[in-house]
Amino acid sequence: MKPLRIALTKGRLENDTVKLFEKMGFNCEALLNKGRKLILTIPDANLEVVLAKAADVITYVEHGACDLGVVGKDTIMEQGHSFFEMLDLGFGRCRFSLAAPKDADFYAGYNVKTIATKYPNVARAFFETKSMDVDIVKIEGSVELAPLIGLADAIVDIVETGTTLKENGLSVIEDIAPISARVIVNTASLKLRKTEIETLLAQMSNQLN
Ligand code: PRP
């Protein structure tokens with residue numbers, strides 16, 4: 001039978017998923033000694049594993065190039081919803097927060113505030129829930145810099161330990177949403193290969209418990 005294909009987000013989520021697969025008894029040799037190979041097989045589980053950047057994991061699953069994917073809730077919230085989100089893996093935990101310079105009163109005054117973020121859709125949705133008009137500036141990295149150099153009043157970003165905020169004189173104003181790794185499934189695959197997919201998800205879920 002054709003293997004199920006799963007896309008893993010390269011890096012920490014990949015490593016945590018491989019650990020989970022090992023606990024499930026899968027032979028992950030190909031994944032542990034992958035070199036530069038991008039498609040790897042777990043023969044005993046009839047699985048084909050693809051390694052990709054988070055945004056691409058979603059693209060592969062939405063287009064059906066992969067049946068399943070492991071990706072952070074941050075990318076899911078920012079990027080799209082044309083798939084089923086089936087399982088919270090519990091690892092890769094962090095959160096989306098609104099943060100600003102420690103002593104600033106972010107909500108004071110009536111001027112439209114500027115928000116810097118790598119996640120404009122998440123930021124927009126958050127301020128819509130508050131019916132608050134803001135200008136959003138998309139930044140590609142080191143978002144914490146934006147308030148320090150006068151580009152923004154506040155940031156919407158991922159906070160894990162809080163160290164980056166602290167070391168740059170910023171603090172959390174509000175938490176927006178918790179983040180962790182999720183398993184997503186292509187909508188057609190879930191119909192056509194229901195039993196195989198449900199069996200794999202049940203095995204993963206049992207091992208998490
Ligand atoms: C994320 C995020 C923060 C940092 C928060 O960046 O954008 O900068 O982690 O972590 P902390 O609360 O533990 O300090 P990441 O390291 O993923 O790099 P990036 O800016 O390239 O996305």
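One-based numbering, in listed order, for ligands and for the atoms of each.
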Discussion item. So if I count the atoms of ligand 1 from 1 in the order they appear, which ones are less than 4.0 Å from some heavy atom of T164?
Written reply: 4 (C), 5 (C), 10 (O), 11 (P), 14 (O)
Fill in: Result of checking E128, K130, R124 against F126 for side chain to side chain contact (heavy atoms under 4.5 Å, CB included)
K130
Discussion item. Please verify the inter-ring angle class for F106 with F127; under 30° counts as parallel, over 60° as perpendicular, anything in between as tilted.
Written reply: tilted
Practice prompt. Could you tell me whether the side chains of N168 and K166 share a donor-acceptor contact shorter than 3.5 Å?
Written response: no
Fill in: ligand 1 atoms in contact with V159 (distance to a heavy atom under 4.0 Å)
12 (O)
Worksheet entry | Contacting atoms of ligand 1, where contact means under 4.0 angstrom from a heavy atom of T161 | 11 (P), 12 (O), 13 (O), 14 (O)
Worksheet item: Is the closest side-chain heavy-atom distance between I39 and E48 below 4.5 Å?
Response: yes
Discussion item. Could you walk me through whether E14 and K19 satisfy the salt bridge (charged side-chain N to carboxylate O under 4.0 Å, His left out) test, starting with their C-alpha distance in whole Å, then the side-chain angles of each, then the deciding distance to 0.1 Å, before giving a yes or no?
Written reply: CA-CA 9 Å; E14 166 197 341; K19 275 187 212 144; over 6 Å; no
Worksheet entry | Top protein contact for atom 1 (C) of ligand 1, by heavy-atom distance | I158 O, 4.4 Å
Fill in: R5/D67 under salt bridge (charged side-chain N to carboxylate O under 4.0 Å, His left out): CA gap, chis, key distance, verdict
CA-CA 5 Å; R5 190 180 292 150; D67 304 292; over 6 Å; no
Item to complete: Please state whether V143 comes within less than 4.0 angstrom of ligand 1, counting heavy atoms only.
Response: no
Practice prompt. Could you list the atoms of ligand 1 found under 4.0 angstrom from a heavy atom of G162?
Written response: 11 (P), 12 (O), 13 (O)
Item to complete: Report the nearest protein non-hydrogen atom to atom 7 (O) of ligand 1: residue, atom name, distance rounded to 0.1 Å.
Response: D157 OD2, 2.8 Å
Discussion item. Tell me whether ligand 1 is touched by K118 - counting only heavy atoms on the residue side and a distance under 4.0 Å.
Written reply: yes
Fill in: Sub-4.0 Å protein heavy atom near atom 17 (O) of ligand 1
no
Fill in: Main-chain N/O of V61 paired with N186 side-chain donor or acceptor, under 3.5 Å
yes
Fill in: E144 neighbourhood, listing ligand 1 atoms whose heavy-atom distance to it stays under 4.0 Å
3 (C), 8 (O)
